[in-house]
Amino acid sequence: MIPTESALQQVLEWGRSLTGFADEHAVEAVRGGQYILQCIQPSLHDISARTGRDPQDEKLIVAFYRELALLFWLDDCNDLGLIAPEQLAAVEQALGQGVPCAVPGFEGCAVLRASLAALAYDRRDYTELLNDTRCYCAALRAGHAQAAGAERWSYAEYLHNSIDSIAYANVFCCLSLLWGLDMATLRARPAFRQVLRLISTIGRLQNDLHGCAKDRAAGGADNAAILLLQRYPAMPVEDFLNDELVGHARMLHRVMVKERFPAPWGPLIEAMAVIRAKYYQTSISRYGNDAAGGGQRAPA
Ligand SMILES: C=C1CC[C@@H]2C(C)(C)CCC[C@@]2(C)[C@@H]1CC/C(C)=C/COP(=O)(O)OP(=O)(O)O
């Protein structure tokens, strides 16, 4: 893998045109991205004979990290109001349609979209990535509006939205685009779409359990644990959500065993399922010490 420092510099340099883009977005993207790539390295190597895509290709790796950094930045644009609403609307348009940004600045958006379009192993993945981006942005907006407004979602409504706002589909699609994982074909299979829903739900519950203390301190309501506590103050929310996690993991395991998806999907889904134990524990800057008690359990 390319040296961390060099990758980080390339993500930072790219992010410079984006107002509000922070070192933290790049650092966390490289940390999480490295972890995912390490987990699927052997499989990527195995399929490289077919795809001709080198798992160590610096251009591909940096493009992946930049997309992850973009996801973090977009999340904070919504959560922290890093940019004006009209700027965010223009940014979303540029990223979701693959066109230049209509407001000045933000060149990084079109730069990244153009490079991903050029690097796409399968053009369909690029089209899907734009669609996943639109879904992600819409879910971030809806989650934010719900938390700020009078209407309170049910747990089911919340989970439905968070399947998109956790952005796992974007992460997978970007990997597929860069290393030829054939996600566009797999998406046609109902079992694969079920896997996407299950792993996204697991990711969302992990994220919310982990971020609960931080979100509560910040007065945020866009978190499953907080939402449930508001509706049912006496509920043992942490136990409930941990049970939900275990149940979803079992359902996921059953589909994965039955369907036997091609490499690297087994290790990739597995990597995302244990990201709580790996990535969140080391992600100091984003989930600082004061977030530590937030629904944490010993990793399964
Ligand atoms: C969108 C995200 C960026 C990439 C990131 C990697 C690095 C793959 C590790 C797993 C999570 C994720 C997919 C991440 C997912 C969701 C996300 C926007 C997290 C932002 O952090 P946080 O403030 O805790 O989330 P939220 O605003 O409480 O939902």
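Counting starts at 1 for both ligands and their atoms, following the listed order.
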Next on the checklist: Under the rule for side-chain contact (heavy atoms from CB on, under 4.5 Å), what residues qualify as partners of Ser176, not counting sequence neighbours?
Outcome noted: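 Partners of Ser176 under the side-chain contact (heavy atoms from CB on, under 4.5 Å) test: Asp125, Leu181, Met183.
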NZ/NE/NH1/NH2 to OD/OE distance under 4.0 Å, [X] and [Y]:
X: Arg204; Y: Asp164; answer: no
X: Arg16; Y: Glu13; answer: no
X: Arg134; Y: Glu92; answer: no

Is it the side chain, the backbone, both or neither of [X] that has a heavy atom closer than 4.0 Å to ligand 1?
X: Asp208; value: neither
X: Ile166; value: both
X: Asn170; value: neither

Checking the side chain of [X] only, and the main-chain atoms of [Y] only, is there a donor and an acceptor separated by less than 3.5 Å?
X: Arg66; Y: Gln10; value: yes
X: Gln38; Y: Tyr35; value: no
X: Trp179; Y: Asp54; value: yes
X: Gln41; Y: Leu37; value: yes

Interfacing atoms of ligand 1 (cut-off 4.0 Å, heavy-atom, [X]):
X: Ile36; answer: 8 (C)
X: Tyr168; answer: 13 (C)
X: Asp79; answer: 27 (O)
X: Ile275; answer: 9 (C), 10 (C)
X: Gly32; answer: 7 (C)
X: Ala167; answer: 1 (C)

Next on the checklist: Quick check on atom 12 (C) of ligand 1 - does any protein heavy atom sit closer than 4.0 Å to it?
Outcome noted: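 No, because not a single protein heavy atom sits under 4.0 Å from atom 12 (C) of ligand 1.
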At a 4.0 Å cut-off, with the gap strictly under it, does some heavy atom of [X] reach an atom of ligand 1?
X: Asp76; value: no
X: Arg204; value: yes
X: Tyr136; value: yes

Protein contact of [atom] - nearest heavy atom, named by residue and atom, plus distance:
atom: atom 22 (P) of ligand 1; answer: Tyr287 OH, 3.7 Å
atom: atom 23 (O) of ligand 1; answer: Arg286 NH2, 3.1 Å
atom: atom 28 (O) of ligand 1; answer: Asn207 OD1, 3.6 Å

Item to check | Short side-chain donor-acceptor distance under 3.5 Å, Thr4 and Gln34 | outcome: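 Present: a donor and an acceptor within the cut-off.
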Checklist entry - Is the CZ atom of Arg50 crowded by more than 12 outside heavy atoms at less than 6.0 Å? => result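 Counting other residues, nucleotides and ligands, CZ of Arg50 exceeds 12 neighbours.
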Checklist entry - Between the candidates Phe64, Phe72, Tyr35, which shows the shortest non-hydrogen contact distance to atom 14 (C) of ligand 1? => result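 Among Phe64, Phe72, Tyr35, the closest heavy atom to atom 14 (C) of ligand 1 belongs to Phe72.
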Item to check | Residue selection (non-hydrogen contact nearest atom 17 (C) of ligand 1) among Leu80, Val171, Asn78, Asp75 | outcome: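 Looking at heavy atoms only, Asp75 sits closest to atom 17 (C) of ligand 1.
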Checklist entry - Please, which pairs that meet ring pair (Phe, Tyr, Trp, His ring centres under 6.0 Å) have at least one residue in residues 125-161, sequence neighbours excluded? => result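 Ring pair (Phe, Tyr, Trp, His ring centres under 6.0 Å) check on residues 125-161 returns Tyr155-Phe240.
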